[in-house]
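Residue numbering restarts at 1 for every chain, and letters A, B, ... go by the order of the sequence lines. Bear in mind the structure is a predicted one, so any value in this text is a computation, not a measurement. The analysis underlying the following values was restricted to heavy atoms, covering all of them including side chains, and did not include hydrogens, waters or symmetry mates.
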There are 2 protein chains.
Amino acid sequence: MENSRPSSKRFLDIVADLRTIIKEEGAVIGDKLPSERVLADRLQVGRSTIREALRSLELLGLIETRRGEGTFLADYKKHQLVEILSTFIMQNPQSLKSVDDTRRIHEKAAIECISNDPERRTLPVWGSFLVKLRGTEPIIREELLQEIVVVSGNRLSLKIWFLLKQYSRVPYHETMAEDEKEVATNLLKEMMNGNSHLAVMRYKDWLDIVIGERRGEHEC
Amino acid sequence: MENSRPSSKRFLDIVADLRTIIKEEGAVIGDKLPSERVLADRLQVGRSTIREALRSLELLGLIETRRGEGTFLADYKKHQLVEILSTFIMQNPQSLKSVDDTRRIHEKAAIECISNDPERRTLPVWGSFLVKLRGTEPIIREELLQEIVVVSGNRLSLKIWFLLKQYSRVPYHETMAEDEKEVATNLLKEMMNGNSHLAVMRYKDWLDIVIGERRGEHEC
DNA sequence: ATTCTTAAGTGGTCAGACCACTATCCTTTA
DNA sequence: TAAAGGATAGTGGTCTGACCACTTAAGAAT
């Protein structure tokens, strides 16, 4: 079975075999996998080969290992995909602008998504935000944007957004000023009305307030 | 240096150390890395630990190993971790949709960016594409989109797009049909005219052709 | 019944030994 | 001289066995 065409890279076969085992045993997220020694015996390979395969899957975020306990199926919805590449491929974070621009791309897309979806744009959470914006309580900037990106429903986009937020120079953790609240209110209203175009314009107004400069530049 | 806070997973530290070595030596794609035995000696760890790290990076497609020759920096743009994640992570159709949606977010943003930038939208490369689209030569789908994302100038967005393209189920490597060429032509024209709104609409027309279904859904 | 000790099981790491393969140098040969 | 061939060193691929650090749970002592 696993002997079909043994490639020159045994550990790659093991990766495939592990997939088979997981599937056959119907393992669910959080379940414990057989120990390295058991796997080595069952697949008739050395333990080091098993480990090379497991470590690869671990770096991918597919499994999780705990010393003294065992190996477990990880929640691959939180794949470290982006993190790995952010530390390896994207070794040139010299362009903070790229980070900010990309973050805005996702924010803008989320706003449009919600505006165009009758269900999402009528969620009660937006009404709650409107009330809070009218009040005097301090509101952190990222609260609103995070809710927007979350509600848009694209988990990968959300993941990327969270990552970029960390690298961003935009002061997302600060509270909103009064005029800022007004712009945010307009943004929400346009979004709830399903007018994605105007909602995006209000979003850009808000950016102007937060950042100050940059208007008229190409907005990439 | 590499002894700063050794985590419980040594091989993860090694992964980081390898990144440092690659960076310091200014290694470029195709360059040869030090041998496993040399690395083990230099980083003061066992060879198996080095191998676990290297195998992880190999599965990610970041390096390439050839028995008898050595380990080389791979071209991450082409390698196939597609297969791995499509069999592990991407079993969940929800994840697949996230990938496709996110990829479209970046494509759409790039189109808007270029449309709104007088310099970028008048680049001679678009004229070349128009000519090619009029001709009978086969054109690969991703050629045009890749050029668009490249020209948009956001390197981070480009890297994310490259990554997502690998995971995507959309047949980007196929050639364009005749009616497809017409839509692409319209997309380019609107973009060159600076009409981002219409350009995006043509882009969505193109998506309809490529994928077939999905129209009227909320487009996130 | 509680606490403590112990043993078994697990992942983490290392060292050494082969094997298979590749490239290179160097001898042999035509 | 030039080509063919073979020995050799270096590389990744794999296995074995041995520790270590840690967790868990069974069992002993209180």
To the nearest Å, how far apart are [X] [atom1] and [N] [atom2]?
| X | N | atom1 | atom2 | result |
| --- | --- | --- | --- | --- |
| B:R55 | D:dC15 | CZ | P | 14 Å |
| B:Q44 | C:dT13 | CD | P | 15 Å |
| B:F72 | C:dA23 | CZ | C1' | 11 Å |
| A:I63 | C:dT10 | CD1 | C1' | 14 Å |
| A:I50 | D:dG13 | CD1 | C1' | 14 Å |
| B:R37 | D:dT14 | CZ | P | 13 Å |
| A:L33 | C:dT10 | CG | P | 12 Å |
| A:L43 | D:dG13 | CG | P | 19 Å |

Would you say the side chain of [Y] lies within less than 4.5 Å of the side chain of [X], judging by non-hydrogen atoms?
| X | Y | value |
| --- | --- | --- |
| B:L123 | B:I114 | no |
| B:L43 | B:I14 | yes |
| B:L133 | B:M176 | yes |

Do any side-chain nitrogens or oxygens of [X] fall under 4.0 Å of OP1 or OP2 in [N]?
| X | N | value |
| --- | --- | --- |
| A:R51 | C:dG12 | yes |
| A:T49 | D:dG13 | no |
| A:T71 | C:dG11 | yes |
| A:S48 | D:dT16 | no |

Go through it in stages, so that I can follow the logic: the residues are B:V125 and B:E147, the test is side-chain contact (heavy atoms from CB on, under 4.5 Å), and I'd like the CA-CA distance, side-chain angles, deciding distance and then a yes or no. CA-CA 9 Å; B:V125 71; B:E147 192 65 31; 3.8 Å; yes

The test is side-chain hydrogen bond (donor to acceptor under 3.5 Å, both in side chains); show your working for A:E58 and A:T65 and say whether it passes. CA-CA 8 Å; A:E58 181 175 5; A:T65 57; 3.1 Å; yes

Salt bridge (Lys or Arg N to Asp or Glu O under 4.0 Å) with A:R141: which residues, sequence neighbours excluded? A:E174, A:E180

Regarding C:dG16, can its base be found pairing with the side chain of B:R47 as donor and acceptor, where the two atoms are less than 3.5 Å apart? no

Would you please name every residue forming a side chain to side chain donor-acceptor pair (under 3.5 Å) with A:S157, sequence neighbours left out?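 By the side chain to side chain donor-acceptor pair (under 3.5 Å) rule, A:S157 matches A:H106.
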
Which atom pairs link the protein and nucleotides 5-9 of chain C when you take only N or O atoms and keep those under 3.5 Å?
| residue | atom | partner | partner atom | Å |
| --- | --- | --- | --- | --- |
| C:dG9 | N2 | A:G68 | O | 3.1 |

